[in-house]
Amino acid sequence: QTVGFSQIGSESGWRAAETTLTKQQAEERGIDLKFSDAQQKQENQIAAIRSFIAQGVDAILLAPVVATGWDSVLEEAKEAEIPVVLLDRRVDSSDDLYLTAVGSDLVHEGKVAGEWLVNEVGDAECRVVELQGTTGSSPAIDRKTGFEEGIAGHDNIEIVRSQTGDFTRAQGKEVMESFLQAENGGKDICALYAHNDDMAVGAIQAIKEAGLKPGEDILIVSIDAVPDIFKAMADGEANATVELTPNMAGPAFDALDAYWKDGTMPEKFIQTESKLYTPEDDPAGEYESRKDLGY
Amino acid sequence: MLLTIRSLTKTFPGTLALDDVRFDLAAGEVHALLGENGAGKSTLIKCLTGAYRPDAGEITLDGAVVAPRSTGEAQELGIGTVYQEVNLLPNLTVAQNLCFGREPRRFGLVSSRGMKAMAEGMLDGYGLDIDVSRDLGTYSVAIQQIVAIARAVALSGKVLILDEPTASLDAREVEMLFDVVRGLRAQGLGIVFVSHFLDQVFDLSDRVTVLRNGRHIVTEDIAALDRVRLIEHMLGHALEDEVEARNAGHVEARRPPMLHFEGMARRGVIEGFDLEVGQGEVVGLAGLLGSGRTESAELLFGLRAATAGTARDQEGPLTLDSPRAAIRAGFGFAPEDRKTDGIVADLSVRENIALALQARRGWARPIPRAEQQRLAEMYIERLDIRTSDAEKAVGDLSGGNQQKVVLARWLAMNPRFLILDEPTRGIDVGAHAEILRLIHQLTDEGMSVLLISSELDELIAVSDRVIVVRDRRHVAELTGAGISTETIVHAIAQHARKDGEAA
Amino acid sequence: MNPRLLPLYATIAIFLVACVICYIQFPYMLSTRVLGNLLTDNAYLGIVAVGMTVVILSGGIDLSVGSVIAFSGVFIAVMLRDTGLPAPVVFVLLLIVTTAFGAAMGGLIHGLAMPPFIVTLAGMFLARGAAYMLTIDSVPIDDPFYEMLRKAYYLMPGKGRLTLIGMVMLLSFAVGMVIAHRTRFGASVYALGGGENTARLMGVQVGRTTVGIYAFSGFMAGLSGIVFSVYTGSGYPLATVGTELTAIAAVVIGGTLLTGGSGFVFGTFIGVMTMGLIQTYIVFDGTLSSWWTKIVIGGLLLLFIVLQKGLLRLTSARFSGGLA
Amino acid sequence: MQTLRRLAPQIVTLLAVCLLVTLFFPGFLDISMSGGRLVGPVIDILKRSAPVALLAIGMTLVIATRGIDLSVGTVIAICGAVAAWAIAGGMGLWAAVALAIGAGLLAGLWNGVLVAVIGIQPIVATLILMTAGRGIAQLITEGRILTFTDPGFAWFGSGTLFGMPVPAVIWIVTGVVMAQLMRRTALGLLVEAIGINRRASALAGVNALVLLIAVYMASGLCAALAGIITAADIRGADANNAGLWLELDAILAVVIGGNSLLGGRFSIAAALLGALIIQTIDTGILLAGFPSEYNLVIKAGLVVIILVLQSPRLATEWYFWRRSVREGPPPATTKEHAR
Ligand SMILES: Nc1ncnc2c1ncn2[C@@H]1O[C@H](COP(=O)(O)OP(=O)(O)OP(=O)(O)O)[C@@H](O)[C@H]1O
Ligand SMILES: Nc1ncnc2c1ncn2[C@@H]1O[C@H](COP(=O)(O)OP(=O)(O)OP(=O)(O)O)[C@@H](O)[C@H]1O
Ligand SMILES: [Mg+2]
Ligand SMILES: [Mg+2]
């Protein structure tokens, strides 16, 4: 079988891991994978899907860069009777335009993080700073919403500062530095919520350089569960992360296999687990098991 | 009066370029505007055509006060202008340049066929046979100049202004231009004519206005003036004796040879030629425009790689594959197109003069500021460069003064062999004589010079030997008493005839 | 032959050779389907490149266009969602806004004698920032009129689709060619590219022309934004990041000189198609990793430019040699 | 004295921006000593401006030759990746630094050859490396964030020297050295000359070819330093994001520094002030705590205001106004696109 895979890009370690795993999975199953990197551009993704259709692939995997704007190209795929499976992000098109979507619930992830914080601080006053993802990107929007849902009803927890760190380490560090400056050298900050682990890792460095102890003076909670956050966790510098597995392709290929074999229609949304990891979950071991996955 | 200017004043930072100047132009006259380099001629013209905004003053055209805010407005008023530097667009075709702003249109769209016809019509009578649908930039400066004139003539309903139009034309083309101008005069146009060639002024104009240091000195009928008086008006003093012809003094004293070039050639550009230059000798290159004189010089200076030929001096062979190599061999080259090849416009006079010297010393050994200052002041004084001070940007100097700065740059290098391509183009009479005297002086000190000039008088005055170039070939060599206007013209014409027969 | 046409011919020649190479490797790449895709997928790029060509011909540059396209999409989506105005009215409003935006940049460039690079860079920040301020979400457009635009295509033999937006691009190029080569405005653009002072002395109304040029580019960016919103059916403030650079690259590949004054709108069309061809080729190949994709795109870009330069040098040497 | 006059607009602008930020964030100018290092927003700005300031130094030179270098952001990523790769591979601190700098110089050489020898226009020539280079950087890191723990290397990002953050020291020292190199030798003059009129300079014997290449290599060198700092700062090389779009900030800094994009006269000090102005705006926005949607609009707005206030034409108006000479729009500037 030939499967086309339109990936967003390689903007983070997580995404690189997803690409690696997808290629691995395809190889294991003897699938010929046509890979296309869209360099963060929806227009490139649409063009790539059109090319896949023109080449007559047997299925298309799509990790959409944004939720909107897929109707016409998905319709074209449907007309050509090519099943499309969405990976890790969802689209807002009608769900009969694709076979299934594999992914986690981004809002749910944020909520898990928020609920963890609620549990952790109890009734104590807690001033939270937030490092957002790239302004306008759907994980940034949803993880923000989810977290707010998670802490809703707990007036002792308050988000005092929220800025974008563009999902990058460097920006995470820089923005955290200014948070620390702005919040009395960091003494007024009780917790940091970062939309991804990379920003959290950057922020942890900033906190250390400001003479505070991340994980103790400032609680750190973030999302993705990439290897480096486990390393920090093992050192006691991070407190919690919510897993977003990069292995979206596995379930996707399973669903495709079933569909190809006898036309079994999978469920429209195959949700991966949003598991919460804390220092109790053997961070050192998790680090070892993940570090070669191409993160 | 067709056009009157009253109490025109214009200042630039640090310079009072025009000071209370008046000027009148009658219909049906050619009015020469004269003055030294930097006297303010070009500035006056630019104020008149809206390129500059004067600080004070009044301009009336046909009795009505006008104040053109842009050159476009001036064109609409019927004032056509050829500015001192060729001011056309090399990236447009000849036709587009000629018709610019008045393109013939069909159904609202520019018609290229109409434009071609219109352009060819405009060029009629200039004896130019060129393809108007090719880019202007592919043609020589001379042709560009004629195109600029043709455009200005077509635009000038009432007034035609020519700022040094003849600087890059040869005698034949000048004659053609003058015929056109006389025709326009007969039609009742007022024509302003700027030139440093006094012969041409006497030949063409009816009246003369002289400016000096931005001030109006005199306006008089040409008939009431003679050459000496006119020069006195321009300079403010009498000109010391004009330079006498060189070969009159030095008779046939063959100089010790210094440089030998053999078979220098570049395919498609210039045919192989031999050249021997003696120490302290001035070799002149004569020829029509486009004959290949500049190309010969460029080959010698390594600006264009020669495809054949060798160069050597007494010590041995020389490599001349780049200007740097040529400079290392002790050559210097003052190019003819000062705007693109000569000056570095935004740098100061001081820096421009020091540039070549600095390049030769290498970046690590800067010339001390005081030394640069000394050099600059010396040449400002020696060549009489008109500038408010040595720190003025060269681009802000008048055209002739820019030329002097380029010359100063090479003199500061003290080369043994200096190539001067049209060194006196656009230079006033006073400085002209000064430069020729300078060439004498330098060669007496042992420097050799290759002089390219379209002015035969100048060539004859300073050259020990004249080589005539024609159709990219060196066709004749004249020496000693054999150098005269007649012999040169004859050499050019004769070979032309021979070529014609051969073809 | 006119030597100014040489870069254009060189571009076309290289493009044709590239097509042949693609065809030999993937015969299917010359189907009408891929051809239709090429037009549709690059419609927004082509339209904005027409504006960019005019700007570059005048010796300027417009870095704001990518952001303006994103702004346009967001503007349309938000207006359609929140105001209930019919789509054509929103289009007109948008085009007025982007044209005025371009004109304002042109005004700054001329009025304050500031370099276009910087003014449009600020414009790039501003337009994207304005898009964020409208919404940070991606907003879907469900409008019956849009549905119609999206579904409007002509089915070519071989199942290729010649879509409406593809045709809008072709039309834009036609209009661009007329404006650049057949109007006085176009002549003024070339004149400005040849040198501002000279152009002024020749009677070009520099101010008016500059404003016009950037207004035109703003208009084309707006039109491109409309096409892009039809293409994706949504407005997204993060869309088309870096499109200005792609457009500039397309213009340059098309043989237009960045220093201004020399080039052809049709060359840009070839440039856009070349960029599209490179993309398609990479997708058809489908084995390149993310990083090799970037390296290969850069390498092919270099190859095109160097080939073009080489070809030009060869032919112009022959040309001037022939004159002697 | 003359230098001060040249820098006056930038200094005034910087002070004005600082004042503005202080209005929104009163503690802006506080500086204190803590654990042997200076801390405070101002110190942060000095540190954070390191990448842009370093890029601006090289960019000033490139722009002085009438060029532009769009690739510097990418070169940061390449050099960071090389350094991280070397460190993670156990090659040791100085080998890593040397390799990174070597990579930067190589990138500059590549650009320089494309521009000076092959004659490709600078924007396009450097656009090629800008596109491809990020791929090369990712090739080195294989798409992941290549982390390392070497404290010696991390010192370049977060260490202190005499209480000052090391990145700040690096850019200030580089700036001073580069500026002195340009002004104490004839390099400055020669660079300006080829920027204004390359043909005429070459005719006067200036080795334009070598100088051009050298200038791009200097830009590559500065980008390499910035890359080392960026990688050291986060103890890892983020090939995809390091230096992303930083070239635009650097160009902006050069222009805010009053340098003309048409080449010629340049001032490194003014460009550095420009970088400080930009970083002050960026940090100020963060400190003031606006929602991030507004970041770009605020930055764009401030930049436009600064550029308008500094624009040459306004300056001429100001000149004439002060001399109380009545004057319409001043005469056309003498700058002309060289053909
Ligand atoms: N743009 C400018 N900025 C500053 N000074 C200028 C500018 N243009 C001209 N000047 C100065 O004004 C004076 C008059 O210059 P102008 O060009 O009018 O001389 P000119 O009579 O045409 O000389 P030439 O015969 O050499 O062409 C000169 O001293 C010159 O340096
Ligand atoms: N009629 C023409 N058609 C096309 N090109 C020409 C023509 N005349 C001259 N040229 C080219 O224009 C360039 C410059 O011409 P220019 O008149 O300066 O000639 P030149 O040989 O350098 O001699 P001179 O020093 O006598 O002016 C030369 O490269 C020449 O080949
Ligand atoms: Mg003059
Ligand atoms: Mg000549």
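Each chain gets a letter, A, B and so on, in the order the sequences are listed, and its residues count up from 1.
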> Non-hydrogen atoms of chain C under 4.5 Å away: do they reach the side chain of D/I298, the backbone, both or neither?
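D/I298 has no heavy atom closer than 4.5 Å to chain C.
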> Which pair of heavy atoms, one from C/K309 and one from D/I118, lies closest together, and at what distance?
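Looking at all heavy atoms of both residues, the shortest contact is CD-O, 3.3 Å.
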> Pick one of side chain, backbone, both or neither for D/L261, based on which atoms fall under 4.5 Å of a heavy atom in chain C.
side chain
> Could you check which of C/S290, C/G111, C/S289 has the highest count of heavy-atom pairs closer than 4.5 Å to chain D?
C/G111
> At a heavy-atom separation under 4.5 Å, does D/E293 approach chain C through its side chain, its backbone, both, or neither?
both
> So what's closer than 4.5 Å to chain D heavy atoms on C/L126: side chain, backbone, both or neither?
both
> How far apart are the closest heavy atoms of D/N240 and C/K294, and which atoms are they?
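That closest heavy-atom pairing would be OD1-NZ, 3.4 Å.
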> Need one label for C/V119: side chain, backbone, both or neither, based on atoms under 4.5 Å from any heavy atom in chain D.
neither
> Looking at C/A130 and D/V297, what are the two nearest heavy atoms and their distance?
N-CG2, 3.6 Å
> Are there residues of residues 107-116 of chain D whose heavy atoms fall under 4.5 Å of chain C's heavy atoms? If so, which?
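If one takes a 4.5 Å heavy-atom cut-off, the residues of residues 107-116 of chain D near chain C are D/W110, D/L114.
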> Using side chain to side chain donor-acceptor pair (under 3.5 Å) as the criterion, list what pairs up with C/Q279, not counting sequence neighbours.
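Residues passing side chain to side chain donor-acceptor pair (under 3.5 Å) with C/Q279: none at all.
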> Please identify, among C/I61, C/L121, C/I136, C/V252, the residue contributing the most non-hydrogen atom pairs under 4.5 Å to chain D.
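Result: the option with the highest number of such pairs is C/L121.
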